[in-house]
There are 2 protein chains.
Amino acid sequence: MPSDQQSEHSDQPVDELDAKLLLLLTDEPRLGVLECSRRLGVARGTVQARLDRLVERGVLTGFPPAVDLGAMGYGLTAFATVEIAQGRRAEVCEGLAAISEVCEVHATTGQGDLFVRMVARSNADLQRVVDHIVDVPHVRRLSTSIALSTPVPPRVRPLLERVKGRPPK
Amino acid sequence: MPSDQQSEHSDQPVDELDAKLLLLLTDEPRLGVLECSRRLGVARGTVQARLDRLVERGVLTGFPPAVDLGAMGYGLTAFATVEIAQGRRAEVCEGLAAISEVCEVHATTGQGDLFVRMVARSNADLQRVVDHIVDVPHVRRLSTSIALSTPVPPRVRPLLERVKGRPPK
DNA sequence: AATTCACAGGACAATTTGTATAGTGATCTA
DNA sequence: TAGATCACTATACAAATTGTCCTGTGAATT
């Protein structure tokens, strides 16, 4: 028997209405609860309840402002694979986190390596950032590659759209 | 009374007040214009104008709902480096975009390769997704690694915070 | 010196939100 | 099978917020 669960059966974390709501908000995030209810053809209370539950379940974590770093002057995005000294991940991550231009770090399988996404204002600036990373203690090797384009920008949409296809009985 | 005085160089896409506003919204994205103006100690019209200008300049692109894929059942995140046949990038990207689990694709320097971020429900599911990718025409080689943890989740904060420090050098 | 800008501060109507309450059908439970 | 729940519709109302428009004041630009 699995661990704790309030209603382990039927309930998938997100049903079709939830998905529709999330898709609607994806397209027009500033919509209010009332407007959402109108668009979805349900009562306002329902939308309110759904939203609350999505937040409760941790599915919807918020509505952070999407800032275009390019428009802010950081026109370059680069990825780096970082090889580090065994057992020093925490320290290295701390060092990386201290670098403003480091926008994301993942620990990945492979050889206990880290994967880093960073931005820079120019090639020269990227050089500086890379040097900064290399200077982080316990960083052994750094392999950088620059993003030339982003054919598929970060998205969740398809996953949400697929929920629609679920047996709405 | 202390008024603003550093707007002479309209070159900077984001000034300190803009950054503060974005940071505030980063922390509490559902705040309304009025509440923002109170927190920042400026007039409501100012906040409204700033927000409009940020959108105009393309810095603020919206407030998309942040969906936690983990909470939705996609507990696995993986990255893949994809080697493709010369000159087939567009086709391959199209094929990748058609896979729901593919959440992001970048074309990178290196060897005209692609970098892919994807999610899956389980290891078995990941296998399926990977197979799917390999099946995309013109995909030559695929090197996958799983994200074990995310020491630094996607962030913009440090870059915004730095704006506060006035024209650096 | 004149003009333009960004911002503070205020005013007003229309809309939205926060919160309740009642009614209905479907599902779960003892 | 008779309750008890649960999710949703439909309403209601006060309080708060939004969309606009205006005035006045410094500071920067011309």
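Numbers restart at 1 for each chain; the letters A, B, ... are given by sequence-line order, proteins then strands.
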Open item on the list: By the salt bridge (Lys or Arg N to Asp or Glu O under 4.0 Å) test, which pairs, at least two apart or in different chains, include something from residues 59-70 of chain B?
Closed with: none

Open item on the list: Holding to side chain to side chain contact (heavy atoms under 4.5 Å, CB included), I want the full list of residues that pass it with A:Asp52, two or more places apart in sequence or in another chain.
Closed with: none

Under 3.5 Å, sequence neighbours excluded: what are the donor-acceptor pairs made by side chains of residues 128-136 of chain B?
unit_1	atom_1	unit_2	atom_2	d
B:Arg128	NE	B:Asp125	OD1	2.9
B:Arg128	NH2	B:Glu101	OE2	2.9
B:Arg128	NH2	B:Asp125	OD1	2.6

- [ ] Please check if A:Val55 and A:Leu160 belong to a single hydrophobic cluster, counting links between Ile, Leu, Val, Met, Phe, Trp and Tyr side chain heavy atoms closer than 4.5 Å.
- [x] yes

Task: End axis versus end axis in the helix from C:dA1-D:dT30 to C:dA30-D:dT1, the angle rounded to 10°, five pairs used at each terminus - done: 50°

Task: With B:Leu148 via side chain to side chain contact (heavy atoms under 4.5 Å, CB included) - residues at least two apart - done: A:Thr109

Open item on the list: Measuring from the side chain of B:Arg44 (C-beta onward, heavy atoms only), which nucleotide among C:dA8, D:dT9, D:dG19 has the closest atom?
Closed with: D:dG19

Task: Partners passing side-chain hydrogen bond (donor to acceptor under 3.5 Å, both in side chains) against A:Glu28 (at least two apart in sequence or in another chain) - done: A:Arg39

Open item on the list: The criterion is side-chain hydrogen bond (donor to acceptor under 3.5 Å, both in side chains); which residues satisfy it with B:Arg141, sequence neighbours excluded?
Closed with: none

- [ ] Name every residue in residues 48-56 of chain A that has at least one heavy atom under 4.0 Å from any atom of DNA chain D, in order of residue number, or write none if there are no such residues.
- [x] A:Arg50, A:Arg53

Open item on the list: Applying side-chain hydrogen bond (donor to acceptor under 3.5 Å, both in side chains), can you list everything that pairs with A:Arg140, at least two apart in sequence or on another chain?
Closed with: none

Open item on the list: At a heavy-atom distance below 4.0 Å, what parts of residues 25-42 of chain B sit against DNA chain C?
Closed with: B:Val42

Task: Results of side-chain hydrogen bond (donor to acceptor under 3.5 Å, both in side chains) for A:Glu91 - residues two or more places apart only - done: A:Arg88, A:His138

Name the atoms and distances for all side-chain donor-acceptor pairs under 3.5 Å in residues 74-82 of chain A, with sequence neighbours left out.
unit_1	atom_1	unit_2	atom_2	d
A:Tyr74	OH	A:Arg121	NH2	3.2
A:Tyr74	OH	B:Arg162	NH2	2.9

